[in-house]
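Everything below concerns the one structure shown next.
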Amino acid sequence: NDPAASVREQAVFWLGQVRTDRAASALEDIVTSSRDVDLRTKAVHALHETNSPRAAAVLRRLAESEQTPERVREQAIFWLGQRRSQENADFLRGLYAKLPRGSDGDDWRKKVMFSLSQMRCCNNAAWLLGLGLDNANSAEVRGHALWTAGQAGIAGSEVAGVYDRLTDAEVKEKLIWVMSESRDRVATDKLI
């Protein structure tokens with residue numbers, strides 16, 4: 001309730017370091033009911049820092065709710081990807097499947113793919129590669145899926161074999177970039 005926004009933001013940040021049920025409860029209240037969206041985004045990060053099952057559940061609720069303010073929802077999706085766990089990977093994949101196709105939905109799908117790419121676990125790289133090959137997705141989403149598969153550490157030898165199966169030039173360009181980043185001999189040979 002301090003009148004200075006910077007003081008409130010610092011208090012929220014440090015609450016995330018306290019790691020008690022009382023602190024988590026206060027953060028949950030801020031992240032779900034504060035009128036200050038900037039403070040809510042700070043509270044999302046602080047909740048992530050508590051590393052508690054309760055905080056993870058709150059982040060998942062925020063990530064899946066269309067009523068969550070866009071910036072808050074985006075932060076919830078991002079921070080879920082910063083905590084490696086099969087549970088978070090499964091949640092994000094399920095969220096991806098629920099998102100509508102089209103420009104708004106595709107923007108959210110790309111955020112979910114990026115979050116999954118940051119985990120570097122749980123077979124996310126192969127899953128993302130599969131999205132890149134799925135013609136049901138737009139070329140933009142497929143290209144982003146290939147890029148995020150590269151971020152997730154997909155092996156260059158795995159993507160080199162995919163190139164000849166692609167027909168869309170935009171998607172092929174993303175795959176070329178992924179191969180160039182892999183430093184894998186099979187990918188380098190394919191590029192040559």
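The figures here come from the full heavy-atom set of this structure, side chains too, leaving out hydrogens, waters and symmetry mates.
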Atom pair CD (E64) and CG (L92), whose distance is rounded to the nearest 0.5 Å:
10.5 Å
Expected output: side-chain R183 to main-chain T188 donor-acceptor under 3.5 Å
no
Could you tell me whether the side chain of L131 reaches within less than 4.5 Å of the side chain of V141, counting heavy atoms only?
no
Looking at every non-hydrogen atom in both residues, tell me the closest pair between A56 and L80 and how far apart they are.
O-CD2, 4.3 Å
Students often mix this up, so state it plainly: with edges at 30° and 60°, are the rings of W127 and Y96 parallel, tilted or perpendicular?
perpendicular
Does E173 have any salt bridge (Lys or Arg N to Asp or Glu O under 4.0 Å) partners at least two apart in sequence or in another chain, and if so, which?
none
Could you check whether D189 pairs with R185 (Lys NZ or Arg NE/NH1/NH2 to Asp/Glu carboxylate O, under 4.0 Å)?
yes
Please report the interatomic distance CG(D107) to CD(E70), rounded to the nearest 0.5 Å.
8.0 Å
Taking A155's backbone N and O only, do any of them form a donor-acceptor pair with D184's side chain (distance below 3.5 Å, no angle check)?
no
So, using ring-ring contact (aromatic ring centres under 6.0 Å, His included) as the criterion, who are the partners of W108 when residues are at least two apart?
none
Nearest atoms (heavy-atom pairs only) where G150 meets R120
O-NH2, 4.3 Å
For Q86, does the CD atom sit with more than 12 other heavy atoms under 6.0 Å from it, leaving out its own atoms?
yes
Is it true that atom NZ of K174 has more than 12 heavy atoms of other residues, nucleotides or ligands lying nearer than 6.0 Å?
no
Contact list for residues 17-28, test salt bridge (Lys or Arg N to Asp or Glu O under 4.0 Å), sequence neighbours left out:
E28-R54, E28-R61
Euclidean distance, N123 CG relative to R93 CZ, rounded to 0.5 Å
6.0 Å
Closest non-hydrogen atom pair between C122 and A89, with its separation:
CB-CB, 3.8 Å
Atom CZ in R109, atom CZ in R101: separation rounded to 0.5 Å?
4.5 Å
Heavy-atom side-chain proximity of Q82 to N88 below 4.5 angstrom
no
Is there a path of hydrophobic side-chain contacts, each under 4.5 Å between heavy atoms of I, L, V, M, F, W or Y residues, that connects V37 with F13?
no
Under the side chain to side chain contact (heavy atoms under 4.5 Å, CB included) rule, what do L129 and V162 come out as? Steps first, then yes or no, please.
CA-CA 9 Å; L129 180 61; V162 169; 4.2 Å; yes
Residue pair A160 / A187: nearest heavy atoms and the distance that separates them
CB-CA, 4.1 Å
Would a distance-only check, ignoring hydrogens and angles, find a side-chain to backbone donor-acceptor pair under 3.5 Å from R83 to H48?
yes
Yes or no on side chain to side chain contact (heavy atoms under 4.5 Å, CB included) for E74 and T41, after CA distance, side-chain angles and deciding distance?
CA-CA 9 Å; E74 183 177 350; T41 61; over 6 Å; no
Looking at A125 and G153, what are the two nearest heavy atoms and their distance?
CB-C, 4.4 Å
When you group the ILVMFWY residues by side-chain heavy-atom contacts below 4.5 Å and let the links chain together, are V159 and V186 in the same group?
no
Worked verdict on L39 versus V12 for side chain to side chain contact (heavy atoms under 4.5 Å, CB included):
CA-CA 8 Å; L39 191 63; V12 165; 3.5 Å; yes
Measuring from atom CD of E170 to atom NE2 of H144, what distance do you get when rounded to the nearest 0.5 angstrom?
12.5 Å
Might you confirm whether atom CD of E66 has over 12 heavy atoms from other residues, nucleotides or ligands at distances under 6.0 Å?
no
Side-chain touch L128/I154, heavy atoms, less than 4.5 angstrom
no
Do S138 and E140 come close enough that some side-chain heavy atom pair is under 4.5 Å?
yes
Taking T50 for its side chain and L47 for its backbone only, find out whether a donor-acceptor pair lies under 3.5 Å.
yes
With a sphere of 6.0 Å drawn around CD of E87, does it hold more than 12 non-hydrogen atoms of other residues, nucleotides or ligands?
no
When you compare the side chain of L146 with that of L166, does any pair of heavy atoms fall below 4.5 Å?
yes
For W177, does the CH2 atom sit with more than 12 other heavy atoms under 6.0 Å from it, leaving out its own atoms?
yes
Smallest separation among heavy atoms of A26 and L15, with atom names
CB-CD1, 4.2 Å
To the nearest 0.5 Å, what is the distance between CG on L59 and CH2 on W79?
10.5 Å
Using modelled atom types only, decide if a donor and an acceptor are shared between the side chain of S115 and the backbone of V112 within a distance under 3.5 Å.
no
Would you say I77 and L62 make side-chain contact, with heavy atoms under 4.5 Å?
no
Can any side-chain N or O of S34 pair as donor or acceptor with the backbone N or O of V31 at less than 3.5 Å?
no
Just by modelled atom types, is the R142 backbone N or O under 3.5 Å from a matching donor or acceptor in the N137 side chain?
no
Using the rule that Ile, Leu, Val, Met, Phe, Trp and Tyr join whenever any side-chain heavy atoms are under 4.5 Å apart, tell me whether V18 and V7 fall into a single cluster.
no
Can D164 and K190 be counted as an ion pair, charged N to O under 4.0 angstrom?
yes
Apply the test side chain to side chain contact (heavy atoms under 4.5 Å, CB included) to residues W147 and M113: give CA-CA distance (whole Å), side-chain angles for both, the deciding distance (0.1 Å), then the verdict.
CA-CA 9 Å; W147 177 77; M113 286 187 279; over 6 Å; no
